[in-house]
Amino acid sequence: MAELRHSSSIGNRVTASPRKRDADGSSSPLVPDSVVSNVDGDDDDAGYRGRYHRDRVRSFFSSHLQPLFPFLFPDESRLSHPYKLKISLFLLVVIILSLVVAISSVVHRLNAPYLCKKDGITLQCPRVKEPPSLWENPYSSTTSWKPCAERREGLISDILSENTTNGYIFIHAEGGLNQQRIAICNAVAVAKIMNVTLILPVLKQDQIWKDQTKLEDIFDVDHFINYLKDDVRIVRDIPAWFTDKSELFTSIRRTVKNIPKYASAEFYIDNVLPRVKEKKIMSLKPFVDRLGYDNVPPEINRLRCRVNYHALKFLPEIEQMADQLVSRMRNRTGSSNPFMALHLRFEKGMVGLSFCDFVGTRSEKALMAAYRKKEWPRRFKDGSHLWALALQKRKEGRCPLEPGEVAVLLRAMGYPKETQIYVASGQVYGGQNRMAPLRNMFPNLVTKEELATKPELDGFRKHVTSLAALDFLVCLKSDVFVMTHGGNFAKLIIGNRRYLGHRLKSIKPDKGLMSKSLGDPYMGWATFVEDVVITHQTRTGLPEETFPNYDLWENPLTNCMCRA
């Protein structure tokens, strides 16, 4: 009987109708209510499947995200299912967008070029995993930028023919070799701005250099003219139809004298071009720093780089001699080794012109005072104000570094006593006594006169600028270049080394730090070394963003280099 009652109860549960179960308020724990409510008709199967799918989605988000975001999943009894689903989908969209932004940010940082940026007076550079090197900048800094001022083949030239030219301009390139180089670059740029013909510049002799060198004695003129043939029309001499050539050098009627320093392109178009069109040939004088940087079109600055880095090449014999000097520097120890080039600006003229005070005897100081009074009487006056001026200039880092200061700086940076150093300088003021501290700490100091034989250099002695060109090329090709004071030579070297790829270190000492540190009697060597290393990590010719009125010759990145 018990078995019969048990079978009867099972049969009753199986055969019970859905309607009766609903009336009794009972339901199966294994079957959702939605399934039970829709078994009466096949037409509601699709609706059931949609709701069942949404229930699974809600169940997934609730189980995985509720522990992390409980405020988005309040008590189910107070929220309807559709409302919870909307919140879940919204949250999913937010998470996906956040992931996309994060991934794109990481990719951008990985692909961003190595670039140092100014933060006040300090320079902030990207961090790298490479250990610091005495001889090379970080590898990532050399793979981010490439030169892009070279001539592009296949472009249609827009220069005017000889018969339709707007006129001719002529300039004297004044000063030393590097100031003359800048003037030539600016002359080509000005000729392009006005679309006029440039007569080959003349290297002007001045009272300091006293050199009769011509342009063709230093540079490959054929290469210069040919490389720029699609940019500017350049002729070797004054046209034959202009008979009174002396007038071009002496007559005020043939000279434009009112060009301000760092003039804009608009100034040349509005004020100089009309006079050139009227007179056909005009001389621009003076022409030192007579073209600006940020007030001319970018393509004009790129043209200046094209002239400086590609069109102006030294004569083959100068290039060959410089290569021999570089090879001898690298093999002085019998095996290939890196070497440093030091541009030591401590000639008598530089020391006098700086009006800074240097270590010396009373007699030396008296002789220097007399020299300054003779050469720069208006600045010297009675000499009573010079001591305060000298202290202020040294505090601001505007004085040339002495050889002894350079030695201490290099040793603090970590360069060993065995470092091979090529010295590019004139006659050092104070002679061997002044050079003694540097030579004692770094005995492997050599000059071109010690690397080359007298007959090898005799062919270059007739032109002072030829000897300066040898120093320029050796410094350019050195593993590390160190400047000790500003000037055209140093900034052209640093800019050129940057243009070649930033790999080569170009150290620009913080002379203000040196003045402060060496003037502190309580600073220990360890503290001094730490200050020097940290300060000069970003002063090695790294890729650096430009700023208004920047010097194109020292930092050509913006207009003359492209993303690699």
Extract all donor-acceptor atom pairs below 3.5 Å that involve side chains of residues 409-421 and protein atoms in other chains or at least two apart in sequence.
| residue | atom | partner | partner atom | Å |
| --- | --- | --- | --- | --- |
| R411 | NE | Y415 | O | 3.4 |
| R411 | NH2 | M441 | O | 2.7 |
| Y415 | OH | L134 | O | 2.5 |
| T419 | OG1 | P416 | O | 2.7 |
| Q420 | OE1 | R332 | NH1 | 2.6 |

Show which side-chain atoms of residues 308-319 pair as donor or acceptor with protein atoms under 3.5 Å away, not counting sequence neighbours.
| residue | atom | partner | partner atom | Å |
| --- | --- | --- | --- | --- |
| N308 | OD1 | R181 | NE | 2.6 |
| H310 | NE2 | Y499 | OH | 2.8 |

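Defined by atom type and a distance below 3.5 Å, a donor-acceptor pair is present between the side-chain atoms of N186 and R304. No donor-acceptor contact under 3.5 angstrom links the side chains of S133 and E136, judged on distance only. Looking at S354 and R398, their side chains never bring a donor and an acceptor atom within 3.5 Å of each other. A side-chain N or O of Q392 and one of E396 form a donor-acceptor pair less than 3.5 Å apart. With 3.5 Å as the limit, one finds a donor-acceptor pair spanning the side chains of T540 and N137.
A salt bridge does not link K448 with E456: every distance from a Lys NZ or Arg NE/NH1/NH2 to an Asp or Glu carboxylate oxygen is 4.0 Å or more. Contact check on R345 versus E347 returns a salt bridge, with a Lys/Arg side-chain nitrogen under 4.0 Å from an Asp/Glu carboxylate oxygen. Salt bridge status for K505 with D479: absent, with no side-chain N to carboxylate O gap under 4.0 Å. Checked for salt-bridge contact, D323 and K477 meet the test: a charged N lies under 4.0 Å from a carboxylate O.
Below 30°, between 30° and 60°, or above 60°: for F170 and H172 the angle between ring planes is above 60°, a perpendicular geometry. Classification of the W553-Y293 ring pair by plane angle, with boundaries at 30° and 60°, yields perpendicular.
For the atom pair I494 CD1 and L504 CG, the distance stands at 12.0 Å (nearest 0.5 Å). Between the CG atom in L115 and the OG atom in S140 there is a gap of 11.5 Å [rounded to 0.5 Å]. Taken to the nearest 0.5 Å, the CE atom of M329 stands 8.5 Å off from the OH atom of Y422.
Distance check for C305 and C560: the SG atoms are under the 2.5 Å cut-off.
Heavy atoms of other residues, nucleotides or ligands lying less than 6.0 angstrom from CZ of R461 number more than 12.
Geometric assessment of R503 against the ring of Y139 yields a negative cation-pi assignment under the 6.0 Å and 45° thresholds.
Scanning for salt bridge (charged side-chain N to carboxylate O under 4.0 Å, His left out) contacts around E299 gives an empty result, with sequence neighbours left out.
For the pair V474 and Q324, the minimum side-chain heavy-atom distance is 4.5 Å or more. Side-chain contact between Y262 and V296 is absent, with no heavy atoms from C-beta onward closer than 4.5 Å.
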Output, in order, the C-alpha distance, side-chain angles, deciding distance and verdict of disulfide (SG to SG under 2.5 Å) for C125 and C116.
-> CA-CA 4 Å; C125 296; C116 301; 2.0 Å; yes
Report the C-alpha separation of K511 and H485 in whole Å, then their side-chain angles, then the decisive distance to 0.1 Å, and conclude whether the side-chain hydrogen bond (donor to acceptor under 3.5 Å, both in side chains) test is met.
-> CA-CA 9 Å; K511 294 183 289 184; H485 197 53; 2.8 Å; yes
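Here the options are D551, D294, T558, N555, the test is side chain to side chain donor-acceptor pair (under 3.5 Å), and the partner is T546; only T558 passes.
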